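Okay, structure first, notes after.
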Protein chains: 2
Amino acid sequence: MNITTRGQYGVRAVFELAMRYGQGAVPLREVARRQNLPDNYLEQLMGPLRKAGLVRSVRGAQGGYMLARDPAEITVGDVLRVLEGPISPVDCAGGDAGASACCPDGEACTVRSVWVRIRDAVNEVVDSITFEDLRRQELERRSRRGLVYYI
Amino acid sequence: MNITTRGQYGVRAVFELAMRYGQGAVPLREVARRQNLPDNYLEQLMGPLRKAGLVRSVRGAQGGYMLARDPAEITVGDVLRVLEGPISPVDCAGGDAGASACCPDGEACTVRSVWVRIRDAVNEVVDSITFEDLRRQELERRSRRGLVYYI
DNA sequence: GCAAATCCGACCTCTTTGCTTGGATTTAAT
DNA sequence: ATTAAATCCAAGCAAAGAGGTCGGATTTGC
């Protein structure tokens with residue numbers, strides 16, 4: 001049970017962009033520095049996120065990335081699915097075709113129902129958390145620590 | 001997000017032993033055949049399960065494996081933890097020491113709280129499902145299909 | 001024109017996964 | 001006592017995935 005660095009870094013990057021939503025384009029180098037991520041690698045993740053319509057980019061000098069829509073409209077699940085594929089503990093719980101590849105009993109397979117329950121629990125969590133939620137949580141945390149300046 | 005074949009096969013093997021609980025030792029070859037698993041590989045998984053006290057073995061001819069205790073006293077989480085280690089989507093959500101390795105903010109890290117919520121959701125599911133639950137579910141399924149003989 | 005940035009694809013090393021193989025040992029049945 | 005069935009144990013191994021790096025092409029504000 002693990003989320004690879006693709007998903008982890010992607011969520012951190014989008015989180016950072018959410019903290020700066022409405023402030024224009026942020027160069028990736030700065031995102032990487034703030035979140036302590038390898039920027040060359042992070043660059044690879046932005047392509048899929050852009051093609052999925054989660055972020056927008058501005059090319060050239062003074063360019064960078066920004067969220068394509070309001071943080072309240074982007075969930076952690078959106079980002080993870082783009083970077084990691086379908087969120088499922090095993091292929092056969094994928095929902096559609098994989099069931100019969102896994103067990104001769106197909107969808108009715110008793111063990112498979114375990115994987116389905118895990119899958120559903122995880123999806124419910126990640127789809128219920130928006131980056132607006134995380135932004136508020138982070139602002140709250142910072143204010144408790146007396147950090148007024150966010151950048 | 002994936003459970004490897006170690007965990008998957010292990011759960012299937014213990015499930016098969018749960019279906020035969022009280023019937024003495026079952027040779028691994030038969031478990032593998034019934035669950036359609038590679039038996040040489042499955043053999044590797046039984047050592048850890050035995051050392052963890054989940055199954056017992058009988059050596060020699062007519063030997064095999066059996067559950068070490070009642071199916072109601074063994075959860076899916078027990079098996080998965082033995083074969084896959086701690087159930088956590090990322091190392092830094094491991095609970096104890098990993099937090100500070102992940103983010104300078106340690107336990108208070110906002111993004112980390114996402115991983116913790118995923119971790120808790122998964123653990124809650126796997127710890128709530130016993131092999132007695134699965135055994136009952138399987139018997140129910142078989143009776144709906146008119147299959148009276150279980151072996 | 002220069003410098004800062006995104007884009008794109010190839011490459012590369014290390015680890016993990018998912019097995020297989022070969023034997024050593026135990027034990028019931030003959 | 002032999003044999004055959006089974007668990008035990010350790011090593012090896014090919015393929016895939018993880019986690020990057022690197023080099024260059026392109027765009028664009030100054």
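Computed over heavy atoms, backbone and side chain alike; hydrogens, waters and symmetry mates excluded. Owing to the predicted nature of the structure, the values given are computational and were not obtained by experimental measurement. Per chain, numbering begins at 1; letters A, B, ... match sequence-line order.
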Could you tell me how far apart [X] ([atom1]) and [N] ([atom2]) are, to the nearest whole angstrom?
X: Leu45(A); N: dG20(D); atom1: CG; atom2: C1'; value: 11 Å
X: Leu83(A); N: dA18(D); atom1: CG; atom2: P; value: 12 Å
X: Gln44(A); N: dG19(D); atom1: CD; atom2: C1'; value: 9 Å
X: Gln8(A); N: dG20(D); atom1: CD; atom2: C1'; value: 14 Å

Using the 3.5 Å cut-off, write out each protein N or O paired with an N or O of nucleotides 5-9 of chain D and the distance between them.
{"from": "dA5(D)", "atom 1": "N3", "to": "Ala61(B)", "atom 2": "N", "distance (Å)": "3.4"}
{"from": "dT7(D)", "atom 1": "OP1", "to": "Leu28(B)", "atom 2": "N", "distance (Å)": "2.7"}
{"from": "dT7(D)", "atom 1": "O3'", "to": "Ser57(B)", "atom 2": "OG", "distance (Å)": "3.4"}
{"from": "dT7(D)", "atom 1": "O2", "to": "Arg59(B)", "atom 2": "NH2", "distance (Å)": "3.1"}
{"from": "dC8(D)", "atom 1": "OP1", "to": "Arg50(B)", "atom 2": "NE", "distance (Å)": "3.2"}
{"from": "dC8(D)", "atom 1": "OP1", "to": "Ser57(B)", "atom 2": "OG", "distance (Å)": "2.4"}
{"from": "dC8(D)", "atom 1": "OP2", "to": "Arg50(B)", "atom 2": "NE", "distance (Å)": "3.4"}
{"from": "dC8(D)", "atom 1": "OP2", "to": "Tyr65(B)", "atom 2": "OH", "distance (Å)": "2.6"}
{"from": "dC8(D)", "atom 1": "N4", "to": "Glu43(B)", "atom 2": "OE2", "distance (Å)": "2.7"}
{"from": "dC9(D)", "atom 1": "OP2", "to": "Arg50(B)", "atom 2": "NH2", "distance (Å)": "3.3"}
{"from": "dC9(D)", "atom 1": "N4", "to": "Glu43(B)", "atom 2": "OE2", "distance (Å)": "3.0"}

Single hit among Arg33(A), Gln35(A), Arg34(A) for side-chain contact (heavy atoms from CB on, under 4.5 Å) with Leu37(A): Gln35(A)
Leu54(B) and its side-chain contact (heavy atoms from CB on, under 4.5 Å) partner, picked from Asp78(B), Thr75(B), Val14(B): Asp78(B)
Stepwise salt bridge (Lys or Arg N to Asp or Glu O under 4.0 Å) check, Arg20(A) with Glu30(A): CA-CA 12 Å; Arg20(A) 298 164 182 251; Glu30(A) 197 172 332; 3.0 Å; yes
Residues Arg81(B), Asp127(B): salt bridge by 4.0 Å N-O rule: yes
OP1 or OP2 of dA18(D) under 4.0 Å from side-chain N/O of Thr5(A): no
Which atom of Leu139(B) lies closest to which atom of Met19(B), heavy atoms considered: CD2-CE, 3.8 Å
Start and end of chain B contact along DNA chain C [non-hydrogen atoms, under 4.0 Å]: dT17(C) to dA28(C)
Working for side-chain contact (heavy atoms from CB on, under 4.5 Å), residues Trp115(A) and Val11(B): CA-CA 11 Å; Trp115(A) 315 137; Val11(B) 168; 3.9 Å; yes
Centroid-centroid under 6.0 Å between Tyr9(B) and Tyr41(B) rings: yes
CA sep, side-chain torsions, deciding dist, call: Arg12(B), Glu16(B), salt bridge (Lys or Arg N to Asp or Glu O under 4.0 Å): CA-CA 6 Å; Arg12(B) 284 186 189 277; Glu16(B) 182 66 24; over 6 Å; no
